[in-house]
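Both backbone and side-chain heavy atoms feed into the values below; hydrogens, waters and symmetry mates do not. Only a predicted model underlies this, so the values are computations on that prediction, with no experimental measurement involved.
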Amino acid sequence: QVQLVESGGGSVQAGGSLRLSCAASGDIVSKLCMGWFRQAPGQEREGVARIGSLGNIKYADSVKVRFTIPRNNTKNTLDLQMNSLKPEDSAMYYCGAYGGPTCLSGSWSSATYNYWGQGTQVTVSS
C-alpha cells in the first residue's frame with residue numbers, strides 16, 4: 001500500500017513561485033508512475049505533470065517551461081516546482097501514483113492512478 005503526503009501549498013502573488021512536495025511511503029518513487037494533478041472548484045481534475053517509471057517526464061501545455069517535477073530517489077519524494085504563477089493556476093493540487101507492468105510512460109488519466117494524497121491548496125492572486 002502506497003501512501004502519499006503533499007505539502008508546500010499556500011498563497012502567492014502572480015509571478016511568484018511555490019514548491020510542492022509529495023512524500024511517498026510503501027514503495028520507492030523510482031518504481032512508480034507518478035503525477036501532479038489539480039482541480040479547481042467546479043472543474044475536472046487535470047494532469048499538470050507526470051513521470052513514468054522509466055523517468056520520462058511530460059508536462060501539460062499550460063505549464064510547460066514554468067513547472068518542473070524533480071524526483072528525489074533518496075528522499076523518496078516527487079516535487080512540483082512552480083514558477084511564474086498565474087491566477088489560473090489556483091487549485092487544489094494532488095499527487096498521484098500507480099505501479100505495475102503497465103506503468104512505463106505514465107498516464108494523463110486520473111482513473112489510472114491507484115493512490116492519491118490528500119491535496120494541498122494553491123492560491124495565486126493577481
Short question: side chain of [X], backbone of [Y] - any donor-acceptor pair under 3.5 Å?
X	Y	result
Ser53	Cys103	yes
Ser107	Ser109	yes
Gln118	Glu6	yes
Asn114	Tyr98	no

Quick one: [atom1] on [X] to [atom2] on [Y], what's the gap to the nearest 0.5 Å?
X	Y	atom1	atom2	result
Arg19	Asn83	CZ	CG	9.5 Å
Met92	Thr123	CE	OG1	9.0 Å
Ser30	Asn72	OG	CG	11.0 Å
Trp116	Arg45	CH2	CZ	5.0 Å

Legend entry - Output field: ring centroids Tyr113/Phe37 closer than 6.0 Å: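 Judged by ring-centre distance (under 6.0 Å), Tyr113 and Phe37 do meet the cut-off.
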Legend entry - SB check Asp61 Lys64 (cutoff 4.0 Å):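 Looking at Asp61 and Lys64, the cut-off is met.
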For [X] and [Y], work out which heavy atoms get closest and say how close.
X	Y	value
Ser17	Gln81	CB-NE2, 4.1 Å
Ser126	Pro87	CB-CG, 3.9 Å
Ser62	Arg38	OG-NH2, 3.5 Å
Ala24	Asn76	O-ND2, 2.9 Å
Ala91	Ala40	CB-N, 3.9 Å
Arg50	Gly106	NE-C, 3.6 Å

Inset, instruction - Verify the neighbour count for atom CD of Glu46: are there more than 12 heavy atoms of other residues, nucleotides or ligands below 6.0 Å? - result: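 Check passes, neighbour count above 12.
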Legend entry - Fellow cluster residues of Leu20, listed by chain then number, with links counted only when side-chain atoms sit under 4.5 Å apart: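 Taking Ile, Leu, Val, Met, Phe, Trp and Tyr as members, Leu20 shares its hydrophobic cluster with Val2, Leu4, Val12, Leu18, Val29, Leu32, Met34, Trp36, Val48, Ile51, Ile57, Tyr59, Val63, Phe67, Ile69, Leu78, Leu80, Met82, Leu85, Tyr93, Tyr115, Val122, Val124.
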Inset, instruction - If you link ILVMFWY side chains whenever their heavy atoms are less than 4.5 Å apart, which other residues fall into the same cluster as Trp108? By chain and number, please. - result: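 Direct or chained contacts put Trp108 with none.
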Legend entry - Heavy-atom side-chain contact between Gln39 and Ser110 under 4.5 Å: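 No, too far: nothing below the 4.5 Å cut-off.
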